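Read the structure below first, then the notes.
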There are 2 protein chains.
Amino acid sequence: MTTDVTEAAALADSIRSVGLKVTEPRLAVLDVIEREPHIDAERIFRSIRISLPGTSVQAVHGVLAAFSQAGLVRRIEPAHSPALYERRVDDNHHHIVCSACGAVEDVDCAVGHSPCLIPSSVSGFQIQSAEVNFWGLCPNCQTA
Amino acid sequence: MTTDVTEAAALADSIRSVGLKVTEPRLAVLDVIEREPHIDAERIFRSIRISLPGTSVQAVHGVLAAFSQAGLVRRIEPAHSPALYERRVDDNHHHIVCSACGAVEDVDCAVGHSPCLIPSSVSGFQIQSAEVNFWGLCPNCQTA
DNA sequence: CTCATGTTTTGAGTCATTCAAAATACGGCT
DNA sequence: AGCCGTATTTTGAATGACTCAAAACATGAG
């Protein structure tokens, strides 16, 4: 549950490496995201408030905004869900969401790197990125 | 700007065909979505309030909820945008959004019907649908 | 150790949407 | 053609997720 010293140092290093100051709230937030990917701001807040009694949800949003902008975490926004955050940031992977319980898992695209991500007609658009979300039932919800 | 009689009748028919009652607000909303796809609730409201002075945004949301549930319109929720509505509902097409101005265009997947939409590993999920959003710059925003 | 600047706190406000109760209108039936 | 039950809209309030702003505070460069 608790982070050991070397782990904390690693987190601090990643924060410093993107040019941000290392603070308690930032360490705590990054730690939670690392431990539980695809988590939303509210749940991050509930997770860190035990060790950081003075924190607020707004503070968490502030930290997350800084992290996202710095490229330290990725923010995903599946339909019908608040924004979720994860640390896998450099590979363009996608997600599968359980339409029943909301569980989220990472998915690598089947056809290689980004093949079907070059659509036939783009109406003159200059494509920058693609976002793919699968919807389905997770193993648990299939039986229930 | 105004809908002629046969057009109105066609709209009424599609509404009836999904088992919903035909009302002024519903006709107006469906008409606007047909005329301007990828429009949000607020803009639909502003568009119909001229001919329907008594309407409210909540009413529009009500109509849209009924339409979506009945499968008459499709609701899409791109990141950083309110929900958008469109009438193309039976083909699984995707969208490209301008990251500068928010313009949205339809996109058919390049590799056929839904090829890369079968991811390699699905963690035991039973896939129901896939949602693909491209992000880029529209022709206008490329020059500016 | 000190201080400027970056962060967090605190509190309020916004946007998109939903909920609930009362008023109203659609359309099947006579 | 008119009536009535029920679906729909109106009206008003409330929610969830997030943003904004000012004041208090902490980090880390010097």
Side-chain angles (χ1 to χ4, degrees), chain A residues 8-9 11-32 38-49 51-70 72-73 75-85 102, chain B residues 8-9 11-32 38-49 51-70 72-73 75-85 102:
Chain A
L11 293 174
D13 282 347
S14 4
I15 295 173
R16 241 187 305 270
S17 74
V18 295
L20 292 172
K21 288 188 179 175
V22 177
T23 67
E24 280 301 325
R26 287 182 175 171
L27 283 170
V29 168
L30 195 55
D31 181 45
V32 173
H38 315 126
I39 190 172
D40 63 65
E42 179 66 36
R43 284 178 54 215
I44 293 174
F45 167 63
R46 285 209 291 268
S47 191
I48 67 172
R49 72 188 314 183
S51 45
L52 264 77
T55 328
S56 63
V57 202
Q58 294 92 307
V60 172
H61 277 291
V63 169
L64 291 170
F67 281 179
S68 309
Q69 200 153 18
L72 199 59
V73 304
R75 173 191 173 117
I76 62 170
E77 296 181 46
H80 317 113
S81 160
L84 307 177
Y85 299 85
Chain B
L11 293 175
D13 282 347
S14 2
I15 294 172
R16 243 187 304 273
S17 74
V18 294
L20 293 173
K21 287 190 178 173
V22 177
T23 66
E24 279 302 323
R26 286 181 175 171
L27 283 169
V29 168
L30 194 54
D31 182 45
V32 172
H38 315 125
I39 190 173
D40 62 66
E42 178 67 34
R43 282 178 54 214
I44 292 174
F45 167 64
R46 285 207 292 267
S47 190
I48 67 172
R49 73 187 315 184
S51 44
L52 264 77
T55 328
S56 63
V57 203
Q58 294 90 308
V60 173
H61 277 290
V63 170
L64 291 170
F67 282 180
S68 309
Q69 199 153 20
L72 198 60
V73 304
R75 172 192 173 118
I76 63 170
E77 296 181 46
H80 317 113
S81 161
L84 306 177
Y85 298 85

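Owing to the predicted nature of the structure, the values given are computational and were not obtained by experimental measurement. Just so it is clear: chains get the letters A, B, ... in the order the sequence lines come, proteins before strands, and each one is counted from 1.
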Interatomic distance where CG belongs to A:Asp13 and P belongs to D:dT27 [whole Å]: 16 Å

A:Glu42: partners by salt bridge (Lys or Arg N to Asp or Glu O under 4.0 Å), with sequence neighbours left out: A:Arg46

Sugar-phosphate, base or nothing in reach of B:Val22, heavy atoms under 4.0 Å: sugar-phosphate

B:Ser51: side-chain contact (heavy atoms from CB on, under 4.5 Å) partners, not counting sequence neighbours: none

Residues that A:Arg49 engages under side chain to side chain donor-acceptor pair (under 3.5 Å), provided they are two or more places apart: none

Positional range of nucleotides in DNA chain C within the contact set of chain A, heavy-atom, under 4.0 Å: C:dT5 to C:dA12

Between D:dG5 (P) and B:Lys21 (NZ): distance, integer Å: 13 Å

Nucleotide pairing, DNA chain D (Watson-Crick or G-U, distances under 3.5 Å), in dot-bracket with [ ] and |: ||||||||||||||||||||||||||||||

Test side-chain contact (heavy atoms from CB on, under 4.5 Å) applied to A:Ala70 - qualifying residues, sequence neighbours left out: A:Val18, A:Leu20

Residue pairs involving residues 58-69 of chain B (criterion salt bridge (charged side-chain N to carboxylate O under 4.0 Å, His left out); sequence neighbours excluded): none

Within residues 76-85 of chain B, residues whose heavy atoms come under 4.0 Å of DNA chain D: none

Nearest-nucleotide comparison on DNA chain C, the residue closer to the 5′ end among B:His61 and B:Leu20: B:His61

Determine all donor-acceptor pairs shorter than 3.5 Å in which one atom belongs to a side chain in residues 52-61 of chain B; sequence neighbours excluded.
{"residue": "B:Thr55", "atom": "OG1", "partner": "B:Leu52", "partner atom": "O", "Å": "2.6"}
{"residue": "B:Ser56", "atom": "OG", "partner": "B:Ala59", "partner atom": "N", "Å": "3.2"}

Pairs flagged by salt bridge (charged side-chain N to carboxylate O under 4.0 Å, His left out) wherever residues 11-21 of chain A is involved - sequence neighbours left out: A:Asp13-A:Arg16

With sequence neighbours excluded, residues passing side-chain contact (heavy atoms from CB on, under 4.5 Å) with B:Ala79: A:Glu77, B:Trp135

Give me the distances for all protein-to-nucleotides 9-11 of chain D N/O pairs that come in under 3.5 Å?
{"residue": "D:dT9", "atom": "OP1", "partner": "B:Thr23", "partner atom": "OG1", "Å": "2.7"}

Option among B:Leu64, B:Asp31, B:Leu72, B:Ile15 that satisfies the side chain to side chain contact (heavy atoms under 4.5 Å, CB included) test with B:Arg26: B:Ile15

